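We use all heavy atoms of the structure for the numbers below, so side chains are in, but hydrogens, waters and symmetry mates are not. Worth saying up front: this structure is predicted, and the values here are computed from it rather than measured.
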Amino acid sequence: IIKSVHDDRKYIYFTEEGNTAPGAHARDGEGTYYTLFRAIPGGRFSGDETVGIAFSPDRKRFYCGYQEKGVLFEITREDGQMFN
């Protein structure tokens with residue numbers, strides 16, 4: 001669980017696999033669900049396993065990948081801010 005430095009919200013980050021659109025998601029304390037990224041159903045990563053959530057020390061980069069394809073993503077926010 002990561003607490004936002006901009007407000008009092010906390011987020012839990014998690015992966016989801018076992019379906020046609022595996023990906024990485026977050027949920028806040030209010031139960032709102034956010035998708036950071038997900039596979040396109042029927043696409044290259046459909047049915048793969050999402051693995052390896054990690055953040056850079058400054059929390060401006062989010063890392064996650066797809067196991068079967070051996071692909072690791074580095075994700076940054078468009079506004080340059082850190083992940084809360």
Side-chain angles (χ1 to χ4, degrees):
I1 297 176
I2 307 252
K3 183 176 180 182
S4 171
V5 296
H6 301 291
D7 56 41
D8 289 332
R9 290 182 291 177
K10 293 182 182 179
Y11 299 88
I12 187 163
Y13 292 85
F14 58 96
T15 62
E16 182 178 40
E17 66 268 340
N19 61 33
T20 60
H25 311 279
R27 188 170 303 218
D28 65 19
E30 303 294 318
T32 303
Y33 181 82
Y34 306 91
T35 298
L36 280 80
F37 73 90
R38 71 182 193 112
I40 298 169
R44 177 179 176 195
F45 302 110
S46 183
D48 206 332
E49 183 175 351
T50 316
V51 295
I53 288 179
F55 293 92
S56 63
D58 64 3
R59 292 194 347 230
K60 290 188 174 185
R61 292 175 186 82
F62 174 89
Y63 300 96
C64 197
Y66 286 114
Q67 184 169 323
E68 289 179 23
K69 299 293 185 192
V71 175
L72 178 67
F73 298 103
E74 178 185 80
I75 299 169
T76 57
R77 291 178 39 162
E78 288 182 350
D79 62 7
Q81 298 298 311
M82 68 177 77
F83 285 91
N84 300 329

Heavy-atom distance under 4.5 Å between the side chains of Lys69 and Arg44, does that happen here? yes
Point-to-point distance, once rounded to the nearest 0.5 Å, from CE of Met82 to CZ of Arg77: 9.0 Å
If the threshold is 4.0 Å, N to carboxylate O, is there a salt bridge linking Lys60 and Asp58? no
Is there a donor-acceptor pair under 3.5 Å between the side chain of Asp28 and the backbone N or O of Lys10? no
Hey, are the side chains of Thr15 and Ile53 touching, using non-hydrogen atoms and a 4.5 Å cut-off? yes
Whether Phe62 and Phe55 hold their rings parallel, tilted or perpendicular, with breakpoints at 30° and 60°: perpendicular
Could you go through His25 and Tyr34, starting from their C-alpha distance and side-chain angles, then the distance that decides it, and tell me whether this counts as side-chain hydrogen bond (donor to acceptor under 3.5 Å, both in side chains)? CA-CA 6 Å; His25 311 279; Tyr34 306 91; over 6 Å; no
Closest contact, heavy atoms only, Ala39 versus Ala21: O-CB, 3.3 Å
Stepwise side chain to side chain contact (heavy atoms under 4.5 Å, CB included) test for Phe14 and Arg27: CA-CA 8 Å; Phe14 58 96; Arg27 188 170 303 218; 4.1 Å; yes
Nearest heavy-atom pair of Ser46 and Pro22: which atoms, and what distance? CA-CD, 4.3 Å
Side-chain donor or acceptor of Thr20 paired with backbone N/O of Pro41 under 3.5 Å: no
Apply the test side chain to side chain contact (heavy atoms under 4.5 Å, CB included) to residues Phe37 and Thr50: give CA-CA distance (whole Å), side-chain angles for both, the deciding distance (0.1 Å), then the verdict. CA-CA 10 Å; Phe37 73 90; Thr50 316; 4.2 Å; yes
Determine whether Ile75 and Cys64 make a side-chain contact, defined as any pair of heavy atoms from C-beta on separated by less than 4.5 Å. no
Below 30° counts as parallel, above 60° as perpendicular, anything between as tilted: where do the rings of Tyr13 and Phe83 land? perpendicular
Examine Val71 and Leu36 and state if one hydrophobic cluster contains both, with Ile, Leu, Val, Met, Phe, Trp and Tyr joined whenever side-chain heavy atoms are less than 4.5 Å apart. yes
Quick one: closest heavy-atom pair of Glu16 and Tyr33, and the distance? OE1-OH, 3.4 Å
